[in-house]
Amino acid sequence: MEEKKNEELEAKQYIVVKLGNEQYGIDIQYVDNIVRMQRVTRVPKAQSYFRGVINIRGEIIPVMSLRLKFGLEPDEFRGPTRILIIKIEPQAAIGMIVDEVKEVITLGADSIDKVSSSNDERSTYLSGIGKQPDGLVSLLNVPSVVVEKEAAV
Amino acid sequence: MDVSQYLEIFIDETREHLQNLNEQLLILEKEPENEDTINEIFRAAHSLKGMAGTMGYKRMQRLTHDMENVFSEIRNGRMTAGASLVDILFRGLDALENYLDNIISTQDEGRNDNQDIIDGLQRILEAGLGTAEEKQEEKAGADGRKATASLTLAEHELAAALKAKSDGENVFEITVYIEEGCILKAARAFLVFKALEDAGDVIKSLPEVQDIEDEKFDFEFSIVLLTMKSLEEIRAIIMSVSEIRDTVIVPANLTAPAPVQAQPAPAAPKEQAAPAPTGGAGTAAAAAEQPHPQEQAAAQKKEQPKAAAKNTAKQVVNRSVRVDIEKLDDLMNLVSELIIAKNGLVSMSDTESKSTRDGNFNEQIEYLERITTSLHQSVMKVRMVPIESVVNRFPRMIRDLSKKLGKKMELFMTGEDTELDRTVIDEIGDPLMHLLRNAADHGLEQNAERVRLGKPESGSIFLDAYQEGNNVVIEVRDDGAGIDVEKIKQKALAKGTITPEQAEAMTDKELIDLLFRPSFSTAEVISDVSGRGVGLDVVKTKIETLGGSIETKTALGEGSNFIIRLPLTLAIIQALMVELGSEKYAIPLNSIETIEDVPLSDVKYVQNKEVINLRGSVVPLIHLDQVLDVEPKEEKPESLTVVIVKKGDRLAGLIVDNLIGQLEIVIKSIGKYINNSKLISGATILGDGEIALILDVNVLV
């Protein structure tokens, strides 16, 4: 219990990305790399939000579209579009397509609000709301976004 | 002496010897008189003992020593390999394997003395031979010495001595001194033994008989004798042998030695039990050389920290492949060529003018290509291991199963020299074992039933391995009852796995496939051999993760056949690259039969499905672009490019837009997060960095 409190008090760094008008924060510990948009090879019969696979230095990495996952408008690939390479486990990387990578912020526990536990599917993807001078940042619960839930298919 | 550097060799060789012993013992069980086998067994056991001794694995050495004694008796024709003997010998081998496993994981042989097996061996030695057989008695004596390091009597010997005493026999400890000028002291000792055997039973000797025979003693040795004769008569008998200087005979003290396991220190009771001047050198040496066979608290304490330290470093021995030195030479040669090719390219870019460069460049590229291909093949060859290393333990397993199940059965194996990739070899053992168990338990009928059906009483199980194209096929076959499809259907209905409507529509093949579903077993009785229904689905999953497939053929009353197909190598394959719309896909070459150009007019319809008639056989067509959701082409071509693929004996035609060509591709996983309904078995990176997906033909067909 004590430990947990300490952990919460510790400030964490988040990478702020843009999807449409919204800002999302991704815990920096999961992010392995950020690459420019590149050619994505479609994988037939995959989940709809998977764009396909890309080749990062000889490693084949599946790429999902956060927009599609969150039920937003499909991506339009433009200059600022980036792929975040996320590694939850050492051997399993996954890419997330975002509109733009903005900045890295540091949030202490006191500037994070809990999300209300509604039944809304999207809220399970969030771990909290970060408060910033220039607006709110939805903090992604990265593992739950990545790992497929049976009900979410 | 630090022997840890030899540990890997020790483990490898011990494995080989154990395997050899297992095999030979199986032969011996069938042909108890086969001399070659007996000799081979003896040799293997002997080397094993020597190796264990050198490495300091005392328990292992002791067990092998006792087993070797039994083998030696068999070799000398004093015993025959009866069923109970073979059983206990097999148990001994299992125990040795346990020691080996312990050594592999902790570098320590563990604490199990396997006393029961050793006692069993002793009992057989004692019971199995005639009473007047000197050898036997000597052997028993030798074993006893091994167990207790001196003239201290082991538990069973003590019991024998006490019994003899209560029967009115005398128990003497005899020390014999041979004249120091004696040339053939071993012969003299032998005569003494011989004479004493006639007078009573020698239950123990020091040094052990083998050492005496080899003249590994000074001019004295000690014996414990059970006899009806008096002390003086015995003395007379011994002194009648020439060149004996003196002998000291005292009644043995039978109260001193505690039971072997609880013996506090080997040295103390020895001195009580053998007050006679047993000759310092021999005894002391023996005591020093044998600080324990029975682990003592003190010794344990000393060893424990060591063992604990070892435990932290799990699996101290690396997995290794033994490589033929020729294969390594090949590799070295290729690497040298690779360097030459590189140097060729370097010098070219330095010196030559642009015009001559282009031609030479192509030449060099071709050269490089040849080398990399050979290099790949050579590396693959190094990774290839004959399947023998997996299947050679099966005869033993079937033998044990046969005893356990009370059915007569025999295993016939062919193609043990078929080679497979090391990674596959490591994984394939369990599935095969499972299939064999199934065949033995469910496949084969009871012997009586077989006789009633007019089959040979003894059931047969076949394990055939052979290469077929780029695959290795392993068949597990039995001549048993076969799979009762009707029974599966009933069971599936009862369990609610399928609905009655489904049951009607299902083919036999589909019903048999139900067996591969989790928790589905048709066995009525769950035995500890098999029948819990956690089997075939695991087998199937395992084989599929290895990139293989499993197929079942069965005929009711005639037997069943499980056919496993495995790829020769896992990482790199030859593939045909095809184009669908703007996308590129790879089809593994090993599943491709032919490529056909089919005019649209040749496409026929059977049951509303498109088929073509390919040289007499009807082949269904699969529109890959529809299966893979590729955007369809605008214009209809006049003819179709059809890649004919096969799965087992089924053919199918895949319609593609374009053929690109053959390519050697490296298979990569596309990650676990992405679902692909198994259509895609992986991906590969092409020369330009683009990704092409690899189609799994087994799922398509």
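Here is how names work: the chains are called A, B, and so on, in the same order as the sequence lines, proteins then strands, and each is numbered from 1. None of the values given here were measured: they were computed from a predicted structure.
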Student: Below 4.5 Å, heavy atoms only, C-beta onward: do A:Val53 and B:Leu693 meet side chain to side chain?
Tutor: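 Yes. Closest side-chain heavy atoms under 4.5 Å.
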
Student: Please tabulate, for side-chain N and O atoms in residues 651-665 of chain B, each donor-acceptor pair with protein atoms closer than 3.5 Å (sequence neighbours left out).
Tutor:
{"from": "B:Asp657", "atom 1": "OD2", "to": "B:Gly581", "atom 2": "N", "distance (Å)": "2.7"}
{"from": "B:Gln662", "atom 1": "NE2", "to": "B:Gln574", "atom 2": "OE1", "distance (Å)": "2.8"}
{"from": "B:Glu664", "atom 1": "OE2", "to": "B:His376", "atom 2": "ND1", "distance (Å)": "3.4"}
{"from": "B:Glu664", "atom 1": "OE2", "to": "B:Gln574", "atom 2": "NE2", "distance (Å)": "3.2"}

Student: B:Ile691 and A:Ile54: which non-hydrogen atoms are nearest, and at how many Å?
Tutor: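 What the structure gives for the nearest pair is CD1-C, 3.2 Å.
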
Student: Give the interface residues of residues 619-631 of chain B toward chain A, defined by a heavy-atom separation under 4.5 Å.
Tutor: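 Within residues 619-631 of chain B, near chain A: B:Val627, B:Leu628, B:Asp629, B:Val630.
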
Student: Does atom CD of A:Glu73 have more than 12 heavy-atom neighbours, drawn from other residues, nucleotides or ligands, at distances under 6.0 Å?
Tutor: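 At most 12 heavy atoms, drawn from other residues, nucleotides or ligands, come within 6.0 Å of this atom.
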
Student: Please, which pairs that meet salt bridge (Lys or Arg N to Asp or Glu O under 4.0 Å) have at least one residue in residues 681-701 of chain B, sequence neighbours excluded?
Tutor: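 Matches after skipping sequence neighbours: A:Arg39-B:Glu690, B:Lys584-B:Glu690.
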
Student: Output all residues satisfying side chain to side chain donor-acceptor pair (under 3.5 Å) with B:Lys540, sequence neighbours left out; order by chain, then residue number.
Tutor: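 Expected list: none.
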
